[in-house]
Amino acid sequence: MEKFANALEMVTELQPDIPVFAARPHAAGRAARWFIDNFPGEVAYAYKANSSPFVVGALFGAGITQFDVASVVELEDAATIPGVRLHFMHPVKARHAIRKAYFDYDIKCFALDTEDELQKIVEETDGAKDLELFVRIAVPAKNSRIPLEHKFGISGQAAQRLLVKARQVADELGITFHVGSQTTTPDAYVLAFEEVKKLIVKAGVVVDAIDVGGGFPSRYSDSIPARLSDFVEVIKSAMDKLPVTEHCRLICEPGRALVAEAESLIVKVDLRKGNNLYINDGGYGALYDAAVLDFVFPVRLIRDGLDPSEPLVPFELWGPTCDSIDRMKGPFMLPASVREGDYIEVGNVGAYGRALSTRFNGFGEYRDVILQDEPMFSIYAEERTPVARNA
Ligand SMILES: *Cc1c(COP(=O)(O)O)cnc(C)c1O
């Protein structure tokens, strides 16, 4: 793997014609260490966010040994990491996937949000007695870029019934939720814990684990979230108020917050039409979130001898495919002189960028390099040391 000090050194040397994934494994390592040091429980990684070996290797090297997987391919992939503990947290699983997970990969931990799924898990594990079952409950999404509440989660009396039924077959019973991806304020977790508390009391079951899911934010040009330590404080105090014993496990499974800063995308400008830049990756590539969800990733022009005082002007970006929805409307602020042949670094695409890229229209091929400088934005560099709280 080729290593460079920064993007300018890389483009000067390689003059790449195809888009480049520039990994910063040290940024993934820093994120993992922050969560391990500051989150008052266990930290798992949601594997789907980015499964690049450079990124996953850095998380593992920093001490992450639990991984949340959602498919057979993901679990087979993640199972190659030595000593990992895998959680199968997709609430709807194929029967063959449950059987394979339990018997071939020794996975005991499954999420579910219906009695039918509970029945499937019991049947496909041949009535196993060592299951860790997490009931996925519906929680209100608040200040989340990508709410997940309509697809998964059970609530009300149905949730109480499912908790009681799962308790009867589980060795360990957990409750899990997901407040929605890129949740920018911690109050979503307060609301979620209120639901958890209500359900535990009403169902009258002993709960052994709470998994707060992912949703922790990263920093983008159009999104400046609350500090991560504020999220941690809110979760800590909500956990203290739950009717559970001190042995109750607390788990989080961030995807985005652990890996967003760990990759940039370096694209080349194929054409400029006014303030529209046609670049060599786009919405069918690593910029899906910019095209479909209007994320504004940070950008900078990578050109030798650039005058730093040059004013920035707004640009729209267009991807390389023939499709007209392959458009990232931004605005992306770049120097007015940007021209064909220039390179642009698109920062913080480490979460879901690589994972969502396709081969549509024959595009979707990348070079991989490692950069040693800092990511364009870091939520961790900005993080002040959290104040210790009295227990
Ligand atoms: C996607 C997902 C995550 C990670 O979500 P982020 O918003 O990327 O942190 C965690 N848990 C489950 C069950 C998920 O589906």
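Both ligands and their constituent atoms are indexed starting at 1 by order of listing. In this text the structure is predicted, and so the values were computed from the model without any measurement.
- For the residue pair Asp116 / Thr114, no side-chain donor-acceptor distance below 3.5 Å is found, with atom types taken as modelled.
- Nearest to atom 8 (O) of ligand 1 among the protein's heavy atoms is Tyr352 OH, 2.5 Å.
- Residues Ser181 and Arg256 bring a donor and an acceptor atom of their side chains to less than 3.5 Å of each other.
- Protein heavy atom at the shortest distance from atom 13 (C) of ligand 1 is Glu253 OE2, 3.4 Å.
- Side-chain contact check for Cys248 versus Leu242: every heavy-atom pair is 4.5 Å or farther apart.
- Remark: Arg30 is not positioned above the aromatic ring of Tyr380, lacking an NZ or CZ atom under 6.0 angstrom from the ring centre and at most 45 degrees off the axis.
- Side-chain contact between Arg167 and Val206: present, with at least one pair of heavy atoms (C-beta onward) separated by less than 4.5 Å.
- Residue contacts with ligand 1, taken as heavy atom pairs separated by less than 4.0 Å, involve Lys48 solely via side-chain atoms from C-beta onward.
- Ligand 1 has no nitrogen or oxygen under 3.5 angstrom from a nitrogen or oxygen of Ala46.
- Remark: ligand 1 and His178 share an N or O pair separated by less than 3.5 Å (distance only, no angle test).
- Geometrically, ligand 1 and Ser181 share a nitrogen or oxygen pair separated by less than 3.5 Å.
- Considering backbone and side-chain N/O atoms, Gly180 never comes within less than 3.5 Å of an N/O atom of ligand 1.
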